[in-house]
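The block underneath contains the structure these notes are about, expressed in C-alpha cells.
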Number of protein chains: 4
Amino acid sequence: MNKVILVGRLAQDPEVRYTQSGKAVASFTIAVNRFAGGGQKEADFIPIVAWEKLAETCGNNLTKGQRILAEGRLQIRSYETNDGQKRRVAEVVAQNIEFLERKQPAEDKEATPFGGQVFPEEEIPF
Amino acid sequence: MNKVILVGRLAQDPEVRYTQSGKAVASFTIAVNRFAGGGQKEADFIPIVAWEKLAETCGNNLTKGQRILAEGRLQIRSYETNDGQKRRVAEVVAQNIEFLERKQPAEDKEATPFGGQVFPEEEIPF
Amino acid sequence: MNKVILVGRLAQDPEVRYTQSGKAVASFTIAVNRFAGGGQKEADFIPIVAWEKLAETCGNNLTKGQRILAEGRLQIRSYETNDGQKRRVAEVVAQNIEFLERKQPAEDKEATPFGGQVFPEEEIPF
Amino acid sequence: MNKVILVGRLAQDPEVRYTQSGKAVASFTIAVNRFAGGGQKEADFIPIVAWEKLAETCGNNLTKGQRILAEGRLQIRSYETNDGQKRRVAEVVAQNIEFLERKQPAEDKEATPFGGQVFPEEEIPF
DNA sequence: TTTT
DNA sequence: TTTT
C-alpha cells in the first residue's frame, strides 16, 4: 500500500510533454493548505505527475488556481545533476484526479497568450 | 486533505533526537514494495518522521526489518546545504503507526518465557 | 486501520441532537457519485455521524446540497426494532470534515453576479 | 472519491459464488479492531465483496483468521426480504487486497484439533 | 454468526 | 518558482 490523497489548487498550468515512445506526461504542482498552530495558514507545494490518458485530461482541463483532488502513490525518484551530483525528488504519481471546480473559460484566463490556437510543435512562436 | 497511507518495512532502526525545547523526533526510512511491469519487484524508500509521544513509541518498539502501516501527511521541507544551496526534501509526518508485526528482541526471538517479567540485563536468568 | 474518505453532497440538512449526558451528535446522509459502466451516473447515499465539537460545526455550517470531504471510520452498529428484530446499520463516524464549498445563504443561491454585492430578492437588477 | 482502507482478520473463510453470466464473487467478513476508551478492545465486523479475478484470488489464498489490508469503495445496497420489506446493507467492494500474512498451510494451523492430522472430509472424527 |  |  502506497496511497496518497491530496486536495489542493494548481500552483501553475500543467505542462504536458511526450516521451520518445510517444507517452504523454503531465506535470504540475499543487498547493495544499495546512492549518499551522495559531490560526496560521501554510501550504505544501507538492509535485504531481500524470501519465498517458490522464496526462492528456490534465492538459486539456486543468488550469492554475483550480481545485482538485489527486489520488496516487508517492514516488522518490533519483537523478543526477549536470555536474554529477545525485539528487532525490519526491512526487505523487497520480492514478485518479477529481475536478472539484469547473475550468475557467478561456476569456478570463491570463495564461493563454495566442487566442487558444494550438500550433504544430515546430511552429510554436517562441 | 493531505493524507498518506503506507505499508512497508523499516530500512533501519529509528533514530530518536530531541529539539532544544525537549520534543522527541524519531526519523527512519521505510521500504514500500511496488510491483513494476513484468512481475518485477521494486521499492520506494520513504522517509518518515514522528513527533513527541509517537516518536518515543517508535524508538521503543520498532526495529529494522519490521513491517508497519504509517498514516500521515506529505511534507516538503526546504533547507540550505553547508555551501549555501537550497534543497527540498520530502517526508511523511506520521500521525498514526500500526505495528503489523511484533518487535523481535535480539536475544529473545521466541515469546518471553518468564511470565512477562522484565529483568535488568545482567540478571537475565540464563 | 479503519479509514473512509468520501467526497459528496449533503442529501439533507444535518440533524443535531444531544445525548442525555449532553454530547452533541450530528447526522446526515451524503450522496457520493459513481460512474457506472456506459457513462451512467449513480450515487451511493451514505449516512454520516459526527460527535461533539465537529457535530456543532456541521450543524452550523452545512446545508443540503453542499459539497464536502468526510474522513472517518466505518462502523457497523446493531440495534433492535420496536418489534424485537435485530438489525445492523452502517455509518461513517466522521473524524474530520472539509468544506469544499461555502454555505449558500438561502437568499443568494446563484453566484453573486455584481462584484460581490448582495441584493434583497425584489431588487435584483434584471 | 469513495475510498475505504481497512486492516483486519477474516472472520470466516471466503465464500465464492458465480453469477448467471459466470462472474466470480467472493464474500467474507473481516474483524477490524478498535481501541475503545479505557484500554478496551472492540471490533467492527465489516462485509467485503470482491469480483472476478480478485474474487478467485481471495477464494484460493485467504482463510479465516488471516490478516489483510483491503482497499475499496463503500456501497449501500438495497434489497427486499422474502416478506417484502426493504432493507439496506453496507459492504466494501474490494478493489485491491494485500495479504499481510502468508496463508496457514493446513498442517501447521492450531485450529486443527487432532494433533495436526488432516482428515478427508468424510472421516472427521465427530 | 464472527478474527487474534 | 508557486494556489485561494
Side-chain angles (χ1 to χ4, degrees), chain A residues 6-15 27-35 40-48 58 62-70 89 91-92 97 99-104 108-111, chain B residues 1-2 67 75-78 85-88 90 98-102 111, chain C residues 1-2 67 75-78 85-88 90 98-102 111 116, chain D residues 6-15 27-35 40-48 58 62-70 89 91-92 97 99-104 109-111:
Chain A
L6 304 170
V7 173
R9 292 185 182 277
L10 289 246
Q12 73 210 197
D13 288 342
E15 228 178 293
S27 48
F28 54 94
T29 294
I30 63 173
V32 179
N33 291 321
R34 180 172 76 243
F35 301 92
Q40 290 235 332
K41 253 186 211 169
E42 291 177 31
D44 283 294
F45 289 87
I46 298 182
I48 310 282
C58 290
L62 295 179
T63 60
K64 179 175 174 174
Q66 202 172 341
R67 182 145 64 163
I68 62 167
L69 182 153
V89 66
E91 55 206 1
V92 171
I97 286 181
F99 304 159
L100 299 177
E101 292 176 349
R102 299 291 106 230
K103 186 184 189 164
Q104 313 282 113
D108 55 66
K109 285 201 333 191
E110 54 163 81
Chain B
M1 160 112 319
N2 179 338
R67 182 145 63 162
Q75 168 178 274
I76 310 283
R77 197 160 42 79
S78 299
Q85 294 180 53
K86 281 190 182 175
R87 294 281 177 75
R88 306 183 150 274
E98 273 184 41
F99 304 159
L100 299 177
E101 292 175 348
R102 297 292 107 231
Chain C
M1 161 113 318
N2 180 337
R67 182 144 65 162
Q75 168 178 272
I76 311 283
R77 198 159 43 80
S78 299
Q85 295 180 52
K86 282 191 179 175
R87 295 281 176 74
R88 307 184 150 275
E98 273 185 40
F99 304 159
L100 299 177
E101 293 175 349
R102 294 295 107 229
Chain D
L6 304 170
V7 172
R9 291 185 184 278
L10 288 246
Q12 74 210 197
D13 288 343
E15 229 179 290
S27 49
F28 53 94
T29 293
I30 62 173
V32 179
N33 291 321
R34 178 171 78 241
F35 301 92
Q40 290 235 333
K41 252 185 210 169
E42 291 177 30
D44 282 295
F45 289 87
I46 298 181
I48 310 282
C58 289
L62 294 180
T63 58
K64 181 175 172 174
Q66 202 173 341
R67 183 144 65 162
I68 63 166
L69 182 153
V89 65
E91 56 205 1
V92 171
I97 286 180
F99 304 158
L100 299 177
E101 291 176 349
R102 295 295 107 230
K103 184 183 190 163
Q104 313 281 111
K109 281 201 333 190
E110 57 161 85

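Chain letters run A, B, ... following the sequence lines, proteins first and then strands; every chain starts at 1.
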With sequence neighbours excluded, tell me which residues meet side-chain hydrogen bond (donor to acceptor under 3.5 Å, both in side chains) with A:Asn33. none
Which residues satisfy the side-chain contact (heavy atoms from CB on, under 4.5 Å) test with A:Glu91, sequence neighbours excluded? A:Pro47, A:Val49, A:Gln75, A:Arg77
Can you list the residues that meet the side-chain hydrogen bond (donor to acceptor under 3.5 Å, both in side chains) rule with B:Glu98, with sequence neighbours excluded? none
Listing time: all N or O pairs from protein to nucleotides 1-3 of chain E that are below 3.5 Å?
residue, atom, partner, partner atom, Å
E:dT3, N3, D:Asn33, OD1, 3.3

Which residues satisfy the salt bridge (charged side-chain N to carboxylate O under 4.0 Å, His left out) test with A:Arg9, sequence neighbours excluded? A:Glu101
Residues in side-chain contact (heavy atoms from CB on, under 4.5 Å) contact with B:Arg88, at least two apart in sequence or another chain: B:Ile76, B:Ser78
